[in-house]
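Scroll down for the structure; my scribbles are underneath it.
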Amino acid sequence: MEGDHGMTVILFYLLDIGHSLVEGKLEIRLWGVDPNGNSILVRDRTFAPWFHLVFRNASDAQNVLDFIRTSKAEFPKILSTCVVTGKFFGAQVTALKATCQDQELATTYAESLRKLPRVVDHIEDDIRPVDQYLLEKGLTPCAWIEAEGEKDSEKPASVRESYLLTGTIRCTEESKRPRLRVLSFTTLSFEEKGSPKPDRSPLILISAQTSEGRSVQFEAEKEEAAIVLAFAEFIREFDPDVIVGYQANSVDWPFLMGRAKALGLRLNADRMGGEPHPSVHGHISIAGRANLDLFEIVQDQAEPKVKTLQNVTEYLGIAKGTMRIEDTEVVEYWKNSEKKRKLREYLAQNAELILRLSEVFLDYATQLSSLTGLPLDQVASASMGFKVDSYLVREARRLGELIPRRVDRPYYPYRGGLVLTPKPGLHENIAVLDFTSMYPNLMLLYNISPDTLIRTGGAEAEAFRVPGLTYAFRKAPQGMYAAALENLLTERNKIKHEMNSVRHGSTEFRALEAREKAVKTIANAMYGYAGWIGARWYVKEVAESTATLGRRAIETALDAANKLQLELIYGDTDSIFVKNDVEKVAKLITTISEMLRMEIRVDKVYRRVLFTEAKKRYAGLREDGTIEVTGLEAVRGDWSEIAKNVQERVVGMILRGEDAKKAAEYVKIVIDSIRKRRVAYPELVIWKTLTKPLEEYEVRAPHVEAARQLMDEDWRLTLGDRIGYVITNAPGKLHQKARPYVKATINDIDVEYYVTGQVVPAALRILEMFGIGEDELTKQTAQWQDRRVSEFLEPKP
DNA sequence: GCGGTGCCGGTACCT
DNA sequence: ACAGGTACCGGCACCGCG
């Protein structure tokens with residue numbers, strides 16, 4: 001591999017990107033892993049960030065260019081200027097490209113130059129230097145990179161090889177992930193008064209586990225400093241490529257960093273001899289390693305509702321019978337030597353669970369990273385909007401579109417999907433027809449995109465007009481949204497094809513599955529992105545037009561169903577529920593496909609489906625015997641388990657053809673057991689999310705009051721925390737009766753609230769349809785007290 | 001002073 | 001901190017009421 005002048009071709013999997021100013025010059029650092037699993041650093045000192053000024057005319061651009069060149073003193077850090085052409089929201093423009101040593105000055109210069117006459121906008125100065133670098137070189141994180149460089153004498157001790165880029169650098173087609181060294185960890189701190197705080201509550205335990213099977217625990221006897229340093233040393237020694245945690249960005253890292261600061265220690269954990277530091281999207285960056293907070297990935301998933309590490313791993317089936325210790329119990333466990341053992345076990349268990357979790361999500365995270373271009377350590381922290389943004393920035397670059405800045409702007413609401421009022425009652429044999437990927441397909445079909453939009457008129461023959469709106473979209477050239485969606489579609493087909501050629505369940509197969517999921521996620525978010533005010537390419541008309549055409553599509557489907565005299569039960573946005581008359585349904589599908597050039601297909605068939613008068617709430621029995629509940633209390637995270645379970649049972653009984661009377665009897669028995677307090681306490685806990693800081697709440701709501709009680713005892717709660725509370729016997733309004741569940745017992749419970757406020761409403765939602773009233777459920781039910789609930793329980797499918 | 005009513009804040013869901 | 005559409009709870013202000 002060694003060529004003339006010591007030039008070497010370096011192949012590495014790109015894991016992390018950083019930059020630094022070395023003697024006033026920008027140095028880009030690419031961290032990765034070579035094919036043998038060794039860590040690699042490649043530095044590039046030849047890169048300068050840029051910004052653009054946009055003009056309508058080339059001559060205007062030339063004038064400003066001349067001005068900059070003659071006023072060198074005013075712009076000392078501008079290194080070069082040139083005039084380029086490009087597209088800006090689809091319009092051909094001329095731009096002045098200026099490179100500048102210093103990114104912050106670039107923005108200052110750009111803003112001041114923007115004020116000159118005939119400058120349309122200043123752009124791309126808000127793209128961070130490392131992102132500009134990846135864009136310019138066409139590099140993708142979590143992909144294999146080939147670079148030409150020379151061995152570097154200033155090699156940091158932590159990497160096997162370090163190079164200085166002296167030639168070209170490019171991305172290869174290869175995306176197969178190498179074996180990465182993964183370290184999972186979790187910490188515990190001690191505080192007798194409420195939540196631990198990084199500035200004063202000491203760390204007492206740190207557990208870590210490695211992908212090589214090593215498991216360590218650091219315990220503070222007297223010396224807290226020792227465990228912080230020992231953990232940092234362990235990181236350096238094991239030298240992980242990826243560090244995974246659970247709430248690591250919000251809890252563990254801030255604690256480690258805060259404690260190190262308080263104790264005057266250096267948390268030397270990165271590959272450059274430096275410390276972890278906060279970075280974009282609220283994540284903690286560790287140079288040379290990818291720090292991944294798995295909690296942030298789990299948060300995007302719908303289930304389970306309460307996302308503790310234990311709930312999540314049990315839900316995914318990678319753990320069973322996990323040990324749980326509440327934060328409020330830590331002090332008690334730590335102070336008791338017998339229980340302390342349990343605490344050690346608990347933390348070791350959690351480190352293990354985190355490692356197991358990383359095995360489930362690492363492929364998805366790396367695929368999402370290579371797809372969107374966001375570095376691995378940012379991809380979990382970045383919201384969906386920023387993921388799509390990053391993907392589109394790359395797409396734009398490919399298409400010669402200049403990249404607009406993210407700006408504050410007013411918000412304009414628009415109409416969304418169509419929702420029908422359901423036919424209430426129990427329906428037999430119902431087919432659910434779905435438009436496949438309706439919004440992405442509409443955007444593709446009508447070339448709906450920020451750069452193809454014609455806001456007024458649209459009289460041009462070669463434009464798609466949107467009925468009912470004044471907008472139109474040019475048929476050619478293809479817009480960037482359509483191009484992006486087509487790429488994603490092609491990619492998805494490619495993946496599906498590849499999946500057929502590898503063994504089902506193999507490592508390759510799982511990686512492909514993860515990539516398909518990543519591709520689908522981005523494609524589905526494109527419509528929402530278009531209507532998101534934070535989007536670089538926010539164009540309300542794009543989202544509005546898509547939604548309008550979507551309504552037209554489902555209306556067409558409804559008309560067609562009517563013409564076929566196919567009984568219609570319900571519909572929402574891109575789906576319709578009709579009687580499963582097989583011949584008519586087949587006819588309907590072909591008719592719609594011909595009319596709309598969009599695929600609609602039978603997504604599922606319900607043997608029976610139950611609707612009340614409410615939209616978005618129903619329950620169905622599938623042909624395979626499973627019950628599906630949609631929207632009802634049973635699937636909501638803010639109802640007690642007992643109410644949810646009762647509703648699910650009632651739904652099951654009704655859908656399987658049992659008499660409503662019998663279901664009512666079952667409910668009465670549960671009510672009876674509640675009144676006797678013969679229920680498991682955790683079944684009574686109600687969980688609600690804090691969606692804003694406590695002070696900002698205008699009303700006294702139960703979960704807010706429960707949260708306040710925790711706060712009064714110095715428990716720190718943040719936006720997004722789920723508060724578990726119960727309703728107790730305390731007098732007053734509901735919010736006065738609420739207590740954090742850890743602060744009450746079964747004996748404090750207001751059983752009548754759980755009867756009339758939880759179980760009865762949940763059960764009646766269903767049973768009211770069958771003439772059962774509240775009185776029938778709540779009146780004392782002595783004759784049932786000896787009967788067992790199990791009599792009514794059927795074996796689960 | 002009290003129950004009924006309607007509005008609104010709040011949360012979580014559906015597609 | 002991707003969109004809009006929807007249900008429903010509890011608090012609260014307001015109303016009528018000998």
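Every chain is numbered from 1 and lettered A, B, ... according to where its sequence line falls, protein lines coming before strand lines. The analysis underlying the following values was restricted to heavy atoms, covering all of them including side chains, and did not include hydrogens, waters or symmetry mates. Fair warning: this is a prediction, and the values are worked out from it, not measured in the lab.
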Would the distance check show the side chain of Glu401(A) and the main-chain N or O of Phe89(A) forming a donor-acceptor pair, the cut-off being under 3.5 Å?
yes

Arg765(A) CZ to dT6(C) C1', straight-line distance once rounded to whole Å
13 Å

Atom-pair distance (CG on Asp638(A); P on dC8(C)), nearest Å:
13 Å

Choose from dG4(C), dC8(C), dC14(B) the nucleotide whose nearest atom is closest to any side-chain atom of Glu633(A).
dC8(C)

Inter- and intrachain pairs under side-chain hydrogen bond (donor to acceptor under 3.5 Å, both in side chains), touching residues 437-448 of chain A, at least two apart:
Tyr446(A)-Arg552(A)

Pairing of Arg398(A) and Glu395(A) as salt bridge, 4.0 angstrom limit:
yes

I need the OH-P distance between Tyr570(A) and dG5(C), as an integer number of Å.
14 Å

Value in whole Å for how far the C1' atom of dA1(C) lies from CG of Leu690(A)
17 Å

Assign the ring pair Tyr570(A) / Phe611(A) to parallel, tilted or perpendicular, where the plane angle (0 to 90°) is split at 30° and 60°.
tilted

Where the side chain of Arg607(A) meets the backbone of Leu621(A), is there a donor-acceptor pair that is under 3.5 Å apart?
no

Using whole Å, report how far NE2 of His283(A) lies from P of dA1(C).
20 Å

Can you tell me the distance, in whole Å, between the CE atom of Met438(A) and the P atom of dG4(C)?
15 Å

What salt bridge (Lys or Arg N to Asp or Glu O under 4.0 Å) pairs are there with at least one residue in residues 517-533 of chain A, not counting sequence neighbours?
none

Candidate nucleotides dC12(C), dA3(C), dA12(B), ranked by approach to the side chain of Lys688(A) - the nearest:
dA12(B)

State whether Glu567(A) and Lys423(A) are salt-bridged, where the test is any N-O pair (Lys NZ or Arg NE/NH1/NH2 against Asp/Glu carboxylate O) under 4.0 Å.
yes

Does Tyr753(A) have any side-chain hydrogen bond (donor to acceptor under 3.5 Å, both in side chains) partners at least two apart in sequence or in another chain, and if so, which?
Gln758(A)

Can you give me the N/O atom pairs linking the protein to nucleotides 8-10 of chain B at distances under 3.5 Å, or say none if there are none?
residue: dG10(B); atom: OP1; partner: Lys692(A); partner atom: NZ; Å: 2.9
residue: dG10(B); atom: OP1; partner: Glu698(A); partner atom: N; Å: 3.1
residue: dG10(B); atom: OP2; partner: Lys692(A); partner atom: NZ; Å: 2.5

Ignoring hydrogens and geometry, is there a side-chain-to-backbone donor-acceptor pair from Arg551(A) to Gly416(A) under 3.5 Å?
yes

Stretch residues 599-618 of chain A: residues that reach within less than 4.0 Å of DNA chain B through a heavy atom
Lys616(A), Tyr618(A)

Heavy atoms, side chains only, cut-off 4.5 Å: are Tyr391(A) and Asn487(A) in contact?
yes

pair Leu368(A)-Leu376(A): side-chain heavy atoms closer than 4.5 Å
no

From the options dA3(C), dG11(C), dC13(B), select the nucleotide whose nearest atom is closest to the side chain of Lys733(A).
dG11(C)

Please check: side-chain N/O of Ser390(A) versus main-chain N/O of Phe386(A), any donor-acceptor pairing under 3.5 Å?
no

Value in whole Å for how far the P atom of dC9(C) lies from CD of Gln647(A):
11 Å

All pairs passing side-chain hydrogen bond (donor to acceptor under 3.5 Å, both in side chains) where residues 524-534 of chain A contributes a residue, at least two apart
Asp389(A)-Tyr529(A), Tyr414(A)-Tyr527(A)

Rounded to whole Å, how long is the line connecting atom CH2 of Trp532(A) with atom P of dA1(C)?
8 Å

Please list residues of residues 540-554 of chain A whose heavy atoms come under 4.0 Å from any atom in DNA chain B, ordered by number; otherwise none.
none

Return no unless some side-chain N or O of Arg406(A) is found under 4.0 Å from OP1 or OP2 of dA1(C).
no

Answer yes or no: is there an ion pair linking Lys616(A) with Asp572(A), defined by an N-O contact shorter than 4.0 Å?
yes

List the residues meeting ring-ring contact (aromatic ring centres under 6.0 Å, His included) with His735(A), not counting sequence neighbours, and say none if there are none.
none

Return the set of residues passing ring-ring contact (aromatic ring centres under 6.0 Å, His included) with Tyr741(A) (not counting sequence neighbours), or none when no residue passes.
Trp687(A)

Taking Glu623(A) first and then Lys604(A), would you say they form a salt bridge - that is, a charged N and a carboxylate O separated by under 4.0 Å?
no

Is there a side-chain polar atom (N or O) of Lys387(A) under 4.0 Å from OP1 or OP2 of dA1(C)?
no

Intra- and interstrand pairs of DNA chain B - dot-bracket, Watson-Crick/G-U under 3.5 Å, | marks other strand:
|||||||||||||||

Which atoms of nucleotides 3-7 of chain B (N or O only) lie under 3.5 Å from a protein N or O atom, and what are those distances?
none

Members of residues 518-530 of chain A that approach DNA chain C, where some heavy atom sits under 4.0 Å away
Ala525(A), Gly528(A), Tyr529(A)

